[in-house]
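Report on the following structure.
These numbers were taken from a predicted model, which means no experiment stands behind them.
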Amino acid sequence: MTLYSCCLILLLFTWNTAAYGPNQRAQKKGDIILGGLFPIHFGVAAKDQDLKSRPESVECIRYNFRGFRWLQAMIFAIEEINSSPTLLPNMTLGYRIFDTCNTVSKALEATLSFVAQNKIDSLNLDEFCNCSEHIPSTIAVVGATGSGISTAVANLLGLFYIPQVSYASSSRLLSNKNQFKSFLRTIPNDEHQATAMADIIEYFRWNWVGTIAADDDYGRPGIEKFREEAEERDICIDFSELISQYSDEEEIQQVVEVIQNSTARVIVVFSSGPDLEPLIKEIVRRNITGKIWLASEAWASSSLIAMPEFFRVIGSTIGFALKAGQIPGFREFLQKVHPKKSTNNGFAKEFWEETFNCYLPDGSKSSPSSTSFHKSHEEGLGAGNGTAAFRPPCTGDENITSVETPYLDYTHLRISYNVYLAVYSIAHALQDIYTCTPGKGLFTNGSCADIKKVEAWQVPFSNCSRDCLPGTRKGIIEGEPTCCFECVDCPDGEYSDETDASACDKCPEDYWSNENHTSCIPKQIEFLSWTEPFGIALTLFAVLGIFLTSFVLGVFTKFRNTPIVKATNRELSYLLLFSLLCCFSSSLFFIGEPQNWTCRLRQPAFGISFVLCISCILVKTNRVLLVFEAKIPTSLHRKWWGLNLQFLLVFLCTFVQIVICVIWLYTAPPSSYRNHELEDEIIFITCHEGSLMALGFLIGYTCLLAAICFFFAFKSRKLPENFNEAKFITFSMLIFFIVWISFIPAYASTYGKFVSAVEVIAILAASFGLLACIFFNKVYIILFKPSRNTIEEVRCSTAAHAFKVAARATLRRSNVSRKRSNSLGGSTGSTPSSSISSKSNHEDPFPLPASAERQRQQQRGCKQKVSFGSGTVTLSLSFEEPQKNAMANRNAKRRNSLEAQNSDESLMRHRALLPLQNSEPLSAEPSFQAASSPETSSQESVVGDTKEEVPSPEVEPSLPSANSRNFIGPGGGSVTENTVHS
């Protein structure tokens, strides 16, 4: 059985040796052998094979100068280690390097060579085999390049526990240690690259892309990870295609058709250069431009793609690249290559021929491969870089620096640097075995391995840096190899929950990193809450405003028939109090977690409530002003001052605000918004107003009505005291303006929950100002000064104002008459002055007889005086019982109708106005009585259409040379005007 196994292994080894002749490998003897796998060619020639003949090894085509430079990096690192006095002293590293031709089949052929040699060496078959010298086992393999090739190689090497260190395989599938136990690499996996691609697309706000991937273990997992990341970012994928360098022309044409017909301008490509080259050539042929290519690291810097004739198609490419490194002395080593000097490198001869487009004669160790390359070139396979069918012979004196090839492009050493690190990582592991102390070793009972007889499974792996704990990531140290790193704390908002994390992961949008950055915790959510002290205080003030407004409304309802309530336009006062209730209630919508419905309701509720309130005040003030300033009221005036029209005006003013709110809610409705940008650890839930212009219109219209109301209130400041709310309305409007003018900068400078708090404070301050200024004084009189809430007080004040206006008119006419008479008669006189004083239920300066005094005690009245520079006018206003006055008024009207027609114009004007001072009659219809001389003993009264003579009441005695006039005021009150001349 042992002999049979030996023969089988020898057969495999012999077949592999035949497939890989002396000039198809780079080999050097040593105490320890390292294997290498590099793509010296880009592919293999297509060849139809069937089962009728023996399978033959396919031929490699298209020379890869970069692959040869990577191979040189491994040889340079091994020679540098052999020359080091500290690293593996007295030990020599050898190598066996094969060409994978960028295909799985060629890579497996080379891997079988490593495995077969190791098995022959482990079986100790020297007595059976005619072996002239001992070849050590291959203890580790550096390679391969592509992820698909490394996957196949790793599956085979893992069976024999041979370590594999890849320098360019980035597929995330290779991170599965259960499947690939002996696989290691010096390049990060594609998971981070796919995430970075999605981040770039999100940064540029692209959301419509296409994807293309190589149909292997590199392209498929990479593009799958990208799709996952794109889905999380709401990036849509138009098409997804697979390609290969061995795809037939029809498949390539189909993929190009998809690209040409797609509306996606961004194309994400996970592929290697050889796999992508046929597709790019067809795209260039069709001249498909205007696409943005997002390139993975495998083809971003590929020499096959970075061709001048391709630039018009792939000029707008965003690519990824590995971190470049520096290898001291490597440049000079590359320039020393020569077929005659590089005796251990069987690939040097072909490199020389391809570089200078010549061939080395057989005397220079020409090989069959050279002939095959010439043949393949003549057959149009594109084997080399030459353009002629026949190559001239090489002289051997050519200068390598005189030709520009990717081989000498050492400005950015990325893959070459990773190869360099891979060799050194293996050397440091061997150094640990070499310096092992018995009893402290890595093997059973602390034993150490014999460095000269070490097997592949005994190679430990050393670390340049200690493991990075969760909450940190590996950071690059400038000037040090990538395996030497420092542990960097994850920034705020990112975390890592694993050891030796290459990068920290970002926390989800609603989460933030904890103190140790090992996990994410939910962000703190803030809004103006009902339960926080500030929210409770605002709520209490709003409830207090609602209670006070309800109390005032209750007082006005209970005392609705009293003169003060009637004089303040009872119905409009009710509507005004209702609007203040709505104002206080609207502030509650700003407290609590904002929802879409509360955001859309709170601003319209506040705006409409305030406009309704200001409209009531405006109509109320304007009505009183029109009543007292009108000269002779007509039926049109009475219709204009009617209650229905007042409510219509309030409705029209409020309707404008309703239209503004409806347009706002239809065009740009407010909504709840979670703001993550103000503070990192806090989410502010606020209302996005939708349109600041609409909010400005809403507040601006309210302020416009308040300004008009302020104007009318200021204009009516001299009305009777009982009707003169102007000073209170003026003060309330000043408070309103101060509140909302200061609101604008406060609103603009705050953020988060304080925006709602500022608006609530403004609403409450303005509402309390209106409530206090307009109603608290009246409530005080109603509850604590009932003596002032009488008909006499209201009528006395009204009559005082009426006669004051009449006196001023008479004074103006008198001044004009005096000036005219003085100009005619040449005399001069002093300008008279006037004053009005009011006295209610006090002792008369002129005593009356006893009978008249008793009659006067049965009456209610007050006395007004107007003093002039040349005399004094005393106005006495009395209010008799309606039953006693009715007969006297009818009699006086019948007897003195002619004199009533000739009464003073100014007094007639105010006779018509007096009944209008209340919304409904206080007691009886008003009547006026006038006498033209002191001797007149009868009164003239006008009550409806009935006339009746009655004895006239006693009047005050008049002074000599004095004229007196008596008038019957509203409700039966008599007014006596005594004019005393000095």
Report the C-alpha distance between Lys281 and Glu309 in whole Å, list the side-chain angles of each, state the deciding distance to 0.1 Å, and finish with yes or no for salt bridge (Lys or Arg N to Asp or Glu O under 4.0 Å). CA-CA 9 Å; Lys281 285 183 177 180; Glu309 57 269 22; over 6 Å; no
Whether the [X] and [Y] side chains hold a donor-acceptor pair (N or O, under 3.5 Å, no angle test) is what I'd like checked.
X: Ser171; Y: Ser147; answer: no
X: Thr103; Y: Tyr246; answer: no
X: Glu282; Y: Gln253; answer: yes
X: Ser113; Y: Arg25; answer: no
X: Asn418; Y: Arg185; answer: no
X: Glu80; Y: Tyr424; answer: yes

[X] [atom1] to [Y] [atom2] distance, which is reported to the nearest 0.5 Å:
X: Phe98; Y: Leu112; atom1: CZ; atom2: CG; answer: 10.5 Å
X: Ile75; Y: Leu34; atom1: CD1; atom2: CG; answer: 12.0 Å
X: Phe183; Y: Lys177; atom1: CZ; atom2: NZ; answer: 7.5 Å

Please report the shortest heavy-atom distance between [X] and [Y], naming the atom on each side.
X: Ser169; Y: Gly146; answer: OG-O, 3.2 Å
X: Thr138; Y: Ile162; answer: O-CG2, 4.1 Å
X: Gly273; Y: Trp299; answer: N-CB, 3.7 Å

Checking ring-ring contact (aromatic ring centres under 6.0 Å, His included) for the pair Phe38/Tyr167: CA distance, chi angles, key distance, verdict? CA-CA 10 Å; Phe38 295 92; Tyr167 48 85; 5.1 Å; yes
Working for salt bridge (Lys or Arg N to Asp or Glu O under 4.0 Å), residues Arg286 and Glu257: CA-CA 10 Å; Arg286 296 195 183 191; Glu257 289 287 343; 2.8 Å; yes
Treating [X] as the side-chain partner and [Y] as the backbone partner, does any N or O pair qualify as donor plus acceptor under 3.5 Å?
X: Gln245; Y: Pro278; value: no
X: Ser247; Y: Ser244; value: yes
X: Thr317; Y: Gly319; value: no

Could you walk me through whether Lys225 and Glu191 satisfy the salt bridge (Lys or Arg N to Asp or Glu O under 4.0 Å) test, starting with their C-alpha distance in whole Å, then the side-chain angles of each, then the deciding distance to 0.1 Å, before giving a yes or no? CA-CA 7 Å; Lys225 176 62 178 177; Glu191 186 168 351; 3.5 Å; yes
State whether Lys323 and Glu297 are salt-bridged, where the test is any N-O pair (Lys NZ or Arg NE/NH1/NH2 against Asp/Glu carboxylate O) under 4.0 Å.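 No, this pair does not count.
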May I ask you to decide whether Arg233 forms a salt bridge with Asp199, counting only side-chain N to carboxylate O separations under 4.0 Å?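 Salt bridge flag = yes for Asp199 with Arg233.
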Measure up the [X] and [Y] rings against each other and bin them: parallel (under 30°), tilted (30 to 60°), perpendicular (over 60°).
X: Phe333; Y: Phe330; answer: parallel
X: Phe356; Y: Trp352; answer: tilted
X: Tyr63; Y: His41; answer: perpendicular

So if I apply the side-chain hydrogen bond (donor to acceptor under 3.5 Å, both in side chains) rule between Gln193 and each of Asn189, Thr195, Asp190, which one comes out positive?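 One option only clears the test, and that one is Asp190.
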Using the rule side chain to side chain contact (heavy atoms under 4.5 Å, CB included), only one of Leu71, Ile149, Thr111 pairs with Leu37; which is it?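 So the option named by the test is Thr111.
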Step by step, work out the ring-ring contact (aromatic ring centres under 6.0 Å, His included) result for Phe351 and Tyr407. CA-CA 10 Å; Phe351 164 75; Tyr407 172 74; 4.5 Å; yes
